[in-house]
2 protein chains.
Amino acid sequence: MLHAGMRIGELAALVGVSTRTVRHYHRLGLLPEPERLANGYRDYRLRDGVVLARVRRLAELGLSLDEIRDVLADDRGRDLREVLAELDADLARQQDAIAARRRRLAVLLDEADLHPDSTVPPEMAAVLRELPAGGSKLAELDRALLTMVGSKAESGGMAELFGPLIEPEAVARGHRLYARLDELADADPRDPRVAELAADLADHLPEEMAVAVAASLGDGENGDWLRLVSAELSRAQAETFRRFVRVLRERAANREGRER
Amino acid sequence: MLHAGMRIGELAALVGVSTRTVRHYHRLGLLPEPERLANGYRDYRLRDGVVLARVRRLAELGLSLDEIRDVLADDRGRDLREVLAELDADLARQQDAIAARRRRLAVLLDEADLHPDSTVPPEMAAVLRELPAGGSKLAELDRALLTMVGSKAESGGMAELFGPLIEPEAVARGHRLYARLDELADADPRDPRVAELAADLADHLPEEMAVAVAASLGDGENGDWLRLVSAELSRAQAETFRRFVRVLRERAANREGRER
DNA sequence: CAACACGTTGCCGCCGCGTCAAGGTCAACC
DNA sequence: GGTTGACCTTGACGCGGCGGCAACGTGTTG
């Protein structure tokens, strides 16, 4: 035999990878170290090229280098089918995931043409557009709250919770709900306006959603969000919120009692 | 304001991430560090929750954290649409890539039911099946060469190159091409059998593919593969190969001359 | 003899965190 | 009092698949 093999750069070019990749495979044990020439250079033979090409084919299919090592070790390919089948299932899952993200993206891109802050669901965006932009700190907090809650897929009735506060008729009837909350900034928690406003807030929730609201305010996720909101309020304002929620709960309980 | 904010674990649970993730976002500057309590604990407020939720929504869409930081910096979202559009294009490319891999996988999985060594294209597998398994070192080398060349999408006529060597008629006619190559192992390169076998090899290539073979043997990729094969052969055997290729080239040149 | 293209080993960087490690803090139970 | 246990703090390493750089040797060419 003529023993003129190849050097690492030639082999790499032949198979279409970098020399760094070839050495990487050596360290991982995917490709055995070939003999060395007198000067220390690696001297590659035909079988090295065969193995390297095999590794690359499997890698391009998407197998991890660990998996490839397992496949090469088992070498009588019966195990390969399992790996390939599993890989196919994994790729199918990835396809589904990507398709789902593209669907969400498509919605957002459509929405983006209508409204710049397009990271919230459509119905949230509609409510946000109606909230007064400046003037009331409470409105700001509601904006924040809605943005947060909007990030969960099921918004749990929060849009409906705040919708009534800004409906034109409510404003026209002189309830001025936001303004009255603002006025309680420095008030005492026992101020009579607290109970009064809490009742008015509750009255302006349409009946059919009071139950859902009471539930979503009470438990877990949304309850914790409201805790953060309360932390931004004065004591009287926070007390108003608490009473508001309590009234809603009582009404929900009553409704439930009547239905039994 | 009541200043009872949240600790990191509560905030993380609220938004649905790990505390490690929150701290990671702090280090990357995606989420500003909040005030600290007297004991050193981070004290999160409403705005932190809002930002964190926003970051998560963008991250779940597939934006990199760097991109998210850019989006948050520009903050008036007009730039967001570009990023989202680019992301969508990227996802589309990923979908295509995955689909292509699944198609190749499907072919391999079908082939796997027929032949265990299923990492080569179907037509290669067919040729490999026919090659004698033991006995001839030359056949072994051909197996290796075919496996390698099979890894490239266009196989460049290599299947056709070796096909004739094993066709039953050729064997029946007593040419014994492999056996005669084996017999040249210790021969002198000037042995008359060398030229004789080279001519016989060339004769057994169907005319219509001689051109393609001559071309694919001559240049780049396949030529380098053949260099590795020659390195495994004795001088006389390698000389046979060289003459074989030379004869093919001459015939191809003649054919081209006649066509002009 | 200098330039230049190749080879050698080895270590850092990437991304989005997970996972220890080695402590400090706080409420609840004995 | 002490002792769990659940939380918090900073810091460092790990992963996958290499890319890139450093610091050096080797071999061919002008």
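Values reported hereafter were calculated over all heavy atoms of this structure, with side chains retained and with hydrogens, waters and symmetry mates removed. Residue numbers begin at 1 in each chain, while the letters A, B, ... track the order of the sequences.
- Contact check, B:Ser18 against C:dG18: a side-chain N or O comes under 4.0 Å of OP1 or OP2.
- Among the protein residues, B:Arg7 comes within range of the sugar-phosphate backbone only, with heavy atoms under 4.0 Å from sugar or phosphate atoms but none that close to a base.
- Rounded to an integer number of Å, the gap from CZ of A:Arg23 to C1' of D:dC21 is 13 Å.
- Taking atom CG of residue B:Leu58 and atom C1' of nucleotide C:dC15, one finds them 17 Å apart after rounding to whole Å.
- Across D:dC8, D:dG16, D:dT26, the shortest atom-to-atom separation from the side chain of B:Thr19 is found for D:dC8.
- Between A:Gly40 and B:Asp66, the residue whose closest nucleotide on DNA chain C is further toward the 5' end is A:Gly40.
- When distances are taken from the side chain of A:His24 to each of D:dG17, C:dG7, C:dT25, the shortest belongs to D:dG17.
- For C:dG24, its base sits under 3.5 Å from the side chain of B:Tyr41 at one donor and acceptor pair at least.
- Between A:Arg36 and C:dT9, a side-chain N or O to OP1/OP2 separation shorter than 4.0 Å is present.
- Distances shorter than 4.0 Å separate some side-chain N or O of A:Arg42 from OP1 or OP2 on C:dT9.
- An OP1 or OP2 oxygen of C:dG24 is reached within less than 4.0 angstrom by no side-chain nitrogen or oxygen of B:Asn39.
- Within the 4.0 Å cut-off from OP1 or OP2 of C:dC17, at least one side-chain nitrogen or oxygen of B:Tyr25 is found.
- Here the P atom of nucleotide D:dG11 and the NE2 atom of B:His26 are 14 Å apart, to the nearest Å.
- With D:dC8, C:dG16, C:dG7 as the choices, the nucleotide that has an atom nearest any side-chain atom of A:Ile8 turns out to be C:dG7.
- The 5' end of DNA chain D is approached more closely, in terms of each residue's nearest nucleotide, by B:Glu10 than by the other of B:Glu10 and B:Arg27.
- For A:Asp186, the CG atom sits in a loose shell: 12 or fewer heavy atoms of surrounding residues, nucleotides or ligands are nearer than 6.0 Å.
- One interatomic measurement links the two molecules: CG of A:Asp43 to P of D:dT26, which rounds to 17 Å at whole-angstrom precision.
- Taking atom CG of residue A:Leu28 and atom P of nucleotide D:dC15, one finds them 11 Å apart after rounding to whole Å.
- The nearest whole Å value for the distance from the CD atom in B:Glu67 to the P atom in C:dG16 is 9 Å.
- Rounding to the nearest 0.5 Å gives a distance of 4.5 Å between CZ of B:Arg23 and CD1 of B:Ile8.
- Salt bridge present: B:Asp66 and B:Arg69 bring a charged side-chain N and a carboxylate O closer than 4.0 Å.
- One atom, CG of A:Leu37, and another, P of C:dG7, lie 11 Å apart when rounded to the nearest Å.
- On a pure distance criterion of 3.5 Å, a polar donor-acceptor pair joins the side chain of B:Arg20 and the base of C:dT19.
- Heavy-atom contacts from other residues, nucleotides or ligands closer than 6.0 Å to CZ of A:Arg190 number 12 or fewer.
- Counted within 6.0 Å of CD on A:Glu86, heavy atoms from surrounding residues, nucleotides or ligands total 12 or fewer; the atom is thus considered open.
- Neither OP1 nor OP2 of C:dG16 sits under 4.0 Å from any side-chain N or O of B:Arg69.
- Between B:Arg235 and B:Glu239 no salt bridge is recorded (no basic side-chain N to carboxylate O distance below 4.0 Å).
- In terms of phosphate contacts, A:Thr21 brings a side-chain nitrogen or oxygen within less than 4.0 Å of OP1 or OP2 of D:dG19.
- A:Glu35 has its CD atom 18 Å from the C1' atom of C:dG7, to the nearest Å.
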